[in-house]
Amino acid sequence: MDVPQYPPTGFPSPAEEWVEPSLNVHDLLIVHPTTTFFMHVNGDAMVGAGIHAGDIVVVDRALEPADQRVIVAILGETCTIKRLEMLPDSIVLHAAHPAYRPIDVTNRLDFHVWGIVTCVIHPLLPALQERFRGQGS
């Protein structure tokens, strides 16, 4: 007589059909792997856009600057995150905080767009906020 053989751990769980495939954050957040970078945010200039000090932004250097995109801009030796406004006769950078004034970069030779911010990773759990802050040190 044949005895049915079961796995040593018992019967399969009915919950197995609800298991989600593993999530690869790179597949989710990155379109151009060779030109995408993660950057830590300092300061509060973009809090109105949901970008806070301690957050990590995903920056894609392969994307073209366009009106109203959030960009990483180089101004002289300073790196800043701002919203780009491209008007017919001027280019202006805007913070998302009322304490900061717009910056007209139309005729500045020391201005260029370093990359386009595509995503923000914003921790909510205090322990993760501390971990994020520690990564930039």
Side-chain angles (χ1 to χ4, degrees):
M1 178 165 113
D2 290 330
V3 177
Q5 298 293 315
Y6 295 105
T9 56
F11 296 100
S13 168
E16 284 181 7
E17 66 187 63
W18 298 103
V19 174
E20 294 287 330
S22 62
L23 175 66
N24 182 327
V25 176
H26 280 255
D27 291 343
L28 184 66
L29 301 179
I30 298 174
V31 177
H32 304 108
T34 59
T35 60
T36 299
F37 300 86
F38 293 86
M39 300 177 80
H40 278 267
V41 175
N42 291 317
D44 61 357
M46 295 302 289
V47 294
I51 303 172
H52 301 86
D55 288 353
I56 295 174
V57 290
V58 180
V59 182
D60 192 333
R61 297 197 68 197
L63 299 175
E64 292 293 321
D67 187 49
Q68 299 307 310
R69 284 196 170 165
V70 175
I71 64 166
V72 174
I74 304 297
L75 295 171
E77 295 185 20
T78 302
C79 182
T80 187
I81 298 174
K82 299 286 187 278
R83 185 168 306 279
L84 179 66
E85 182 181 28
M86 299 173 75
L87 301 168
D89 58 348
S90 64
I91 301 171
V92 181
L93 303 180
H94 293 276
H97 189 296
Y100 298 92
R101 301 179 67 110
I103 304 168
D104 186 336
V105 294
T106 307
N107 296 315
R108 287 186 64 159
L109 299 176
D110 63 347
F111 161 75
H112 74 273
V113 177
W114 191 84
I116 308 300
V117 176
T118 60
C119 297
V120 180
I121 303 170
H122 178 80
L124 298 178
L125 191 65
L128 288 178
Q129 291 171 348
E130 291 301 316
R131 184 184 299 176
F132 271 48
R133 285 188 197 102
Q135 293 296 316
S137 304

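Numbering starts at 1 and runs along the sequence shown. Keep in mind the model is a prediction, meaning the values are calculated, not measured.
- One hydrophobic cluster, built from ILVMFWY side chains closer than 4.5 Å, cannot hold both V41 and V47; they sit in different ones.
- With a 4.5 Å cut-off on side-chain heavy atoms, D55 and P123 count as touching.
- One hydrophobic cluster, built from ILVMFWY side chains closer than 4.5 Å, cannot hold both V105 and Y100; they sit in different ones.
- Applying the salt bridge (Lys or Arg N to Asp or Glu O under 4.0 Å) definition to pairs two or more places apart or across chains, those involving residues 102-111 are R108-D110.
- The only option from T118, T35, V31, V113 that meets the side chain to side chain contact (heavy atoms under 4.5 Å, CB included) definition with L63 turns out to be T118.
- For the pair I121 and F38, the minimum side-chain heavy-atom distance is below 4.5 Å.
- Rounding to the nearest 0.5 Å gives a distance of 13.0 Å between CD1 of I91 and CD1 of I103.
- Separating the CD1 atom in I51 from the CG atom in D44 is a distance of 12.0 Å, to the nearest 0.5 Å.
- In this structure, CG in L124 is found 7.0 Å from CD in Q129, a value given to the nearest 0.5 Å.
- Atoms OG1 and CD1, on T36 and I116 in that order, are 11.5 Å from each other to the nearest 0.5 Å.
- In this structure, D67 places its CG atom where more than 12 heavy-atom neighbours from other residues, nucleotides or ligands lie under 6.0 Å away.
- L125 CG: more than 12 foreign heavy atoms inside a 6.0 Å radius.
- A side-chain donor-acceptor contact under 3.5 Å links R69 to the backbone of E64.
- Hydrophobic clustering keeps V70 apart from L29 (ILVMFWY residues linked when any side-chain heavy atoms are closer than 4.5 Å, directly or through intermediates).
- Linking Ile, Leu, Val, Met, Phe, Trp and Tyr whenever their side-chain heavy atoms come within less than 4.5 Å leaves I71 and I81 in two separate clusters.
- Of the candidates L93, V117, V92, K82 forms a side chain to side chain contact (heavy atoms under 4.5 Å, CB included) with just one, namely L93.
- W114 is connected to V57 through a chain of hydrophobic side-chain contacts under 4.5 Å among Ile, Leu, Val, Met, Phe, Trp and Tyr, so both are in one cluster.
- Side-chain contact check for E85 versus P102: every heavy-atom pair is 4.5 Å or farther apart.
- Remark: I30 CD1 to F37 CZ distance equals 10.0 Å, nearest 0.5 Å.
- No donor-acceptor distance shorter than 3.5 angstrom exists from the side chain of R61 to the backbone of G115, with no hydrogens or angles considered.
- Nearest heavy atoms, A96 versus A49: CB-N, 3.5 Å.
- Smallest separation of non-hydrogen atoms from A45 and A95: O-CB, 3.4 Å.
- Relative ring orientation between F132 and H40 is described as perpendicular, the plane-to-plane angle rising above 60° on a 0-90° scale split at 30° and 60°.
- Counting heavy atoms from C-beta outward, H97 and M46 have side chains that stay 4.5 Å or more apart.
- Here the closest non-hydrogen pair linking C79 and V72 is SG-CG1, 3.4 Å.
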